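Down below is the structure, laid out as structure tokens.
Just so it is clear, the structure is predicted and the values come from calculations on it, not from any experiment.
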Amino acid sequence: LARLSETQQASVTERHLRVTLISGEPGIGKTTLVAQAARAIHATGANVLYGHCQEGLGAPYQPWSEALSQLIEHTDETLLRQFVDDSGLALARLVPSLARRLAMPVPDAGSDADAERFLLLEGVARLLAFASQQTPILLVLDDLHWVDAASLQVLRHLVSSGKPMAVLVVGTFRESDLSRAHPLTGALAELRREPGVDRLGLLGLDDADILNLLANAAGHEMADD
């Protein structure tokens, strides 16, 4: 909790994207930890966004679409129009609520797939940079062991974009569910070399930790026998 709080404060002070990736076995408390951290960070005035991956769904960009839809729904319309005036409406193909809130048609995709993909990735970076000028952002990506390759492209683009933004992205995943061929495996190797990216592995309690837990619960030291 302390590391997440410090990392979020650093993203605000430095106006630089930070990423914390939390791994652990099923049921060890990854989501619970992030939820508690999110409550504490929200209490400081930050905007908390949430996106999750679903097993077998395979929908591209799902966690980003979910999280950014929350951001757009709660952003002042005047600010949204300012964003669209500056950055265009290409992001509406990923987050249709952007066009809906402004009563504008979703633009058709162009014929150049690579150019369209770049416009979409850049739109995500621009929106987060723009919105975090007003309010710091914590963006949670849950269950990344089910992530699609397109969503990982967004994360890699954000990390490499260099845009000033007061944003902390926190992702959770089960490391035991990753194979060598899993798209997250390669992404983790790449992100490990990037500044501002942190890894946090949750482990179970050892014997000493369990004794300390019991002693704190009982209010006295545990007998040796």
Side-chain angles (χ1 to χ4, degrees), residues 8 11-12 15-19 34-35 38-39 41-54 57-144 146-171:
Q8 192 269 339
S11 75
V12 174
R15 296 203 60 78
H16 182 74
L17 173 76
R18 294 296 189 99
V19 177
V34 173
R39 285 192 291 269
I41 291 171
H42 183 265
T44 68
N47 196 352
V48 176
L49 310 175
Y50 177 84
H52 76 292
C53 308
Q54 289 181 264
L57 183 60
Y61 307 115
Q62 180 195 347
W64 294 102
S65 178
E66 182 180 355
L68 296 179
S69 292
Q70 298 162 19
L71 177 60
I72 287 170
E73 291 295 341
H74 295 90
T75 298
D76 181 78
E77 182 178 323
T78 301
L79 292 176
L80 286 182
R81 291 191 181 279
Q82 182 182 338
F83 169 74
V84 170
D85 288 343
D86 293 342
S87 303
L89 201 59
L91 187 61
R93 289 193 287 275
L94 173 64
V95 192
S97 57
L98 175 59
R100 186 177 64 250
R101 281 208 59 197
L102 301 178
M104 300 172 69
V106 177
D108 295 330
S111 58
D112 188 332
D114 290 337
E116 287 300 310
R117 187 181 305 109
F118 177 79
L119 287 174
L120 187 149
L121 299 179
E122 189 68 2
V124 173
R126 287 177 179 271
L127 178 62
L128 290 173
F130 177 82
S132 66
Q133 290 178 1
Q134 317 297 324
T135 307
I137 293 173
L138 167 64
L139 195 155
V140 177
L141 302 174
D142 206 9
D143 291 333
L144 285 174
W146 292 322
V147 72
D148 61 285
S151 292
L152 288 175
Q153 284 186 327
V154 178
L155 182 58
R156 287 196 293 259
H157 183 81
L158 278 177
V159 170
S160 63
S161 72
K163 286 182 171 54
M165 60 179 77
V167 176
L168 169 60
V169 175
V170 175

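Atom OG of Ser87 and atom CD of Gln82 lie 9.5 Å apart (nearest 0.5 Å). Note: Thr135 OG1 to Gln133 CD = 11.0 Å, rounded to the nearest 0.5 Å. The SG atom of Cys53 sits 5.0 Å away from the CG atom of Leu144 when rounded to the nearest 0.5 Å. Note: Asp86 CG to Leu127 CG = 12.0 Å, rounded to the nearest 0.5 Å. Between the OG1 atom of Thr44 and the CG atom of Leu138 there is a distance of 9.5 Å, given to the nearest 0.5 Å. In this structure, CZ on Phe83 lies 7.5 Å from CD1 on Ile72, to the nearest 0.5 angstrom.
A 4.5 Å side-chain heavy-atom check between Gln8 and Val12 finds at least one atom pair inside the cut-off. Within the 4.5 Å cutoff, side-chain heavy atoms of Pro107 are placed close to those of Arg93. Between Phe130 and Thr75 there is no side-chain heavy-atom pair separated by less than 4.5 Å. At a threshold of 4.5 Å between non-hydrogen side-chain atoms, the residues Leu91 and Val124 count as touching. For the pair Gln54 and Trp146, the minimum side-chain heavy-atom distance is 4.5 Å or more. Side-chain atoms of Leu119 and Glu116, non-hydrogen and from C-beta on, do get closer than 4.5 Å to each other. Using a 4.5 Å heavy-atom threshold, the side chains of Leu128 and Leu71 count as touching.
Annotation: side-chain hydrogen bond (donor to acceptor under 3.5 Å, both in side chains) contacts involving residues 96-106, sequence neighbours excluded, comprise Glu73-Arg100. Applying the salt bridge (Lys or Arg N to Asp or Glu O under 4.0 Å) test to every pair with at least one member in residues 158-169, sequence neighbours left out, gives these pairs: Glu122-Lys163.
Pairing each heavy atom of Pro164 with each of Ala129, the nearest pair is O-CB, 3.5 Å. Across all their heavy atoms, Ala99 and Val106 have their closest contact at CB-CG2, 3.8 Å. Here the closest heavy-atom approach between residue Pro63 and residue Leu141 is recorded as CB-CD2, 3.8 Å. In terms of heavy atoms, Leu79 sits closest to Gln134 at CD1-CG, 4.1 Å. Nearest approach of Val170 to Val34, heavy atoms of both residues: CG1-CG2, 3.8 Å. A pairwise comparison of heavy atoms in His157 and Leu121 identifies CD2-O, 3.4 Å as the closest pair.
Arg156 pairs in a side-chain contact (heavy atoms from CB on, under 4.5 Å) with only one of the listed residues (Val159, Val154, Leu152, Leu158), which is Leu152.
At least one donor-acceptor pair closer than 3.5 Å links the side chain of Ser65 to the backbone N or O of Leu94.
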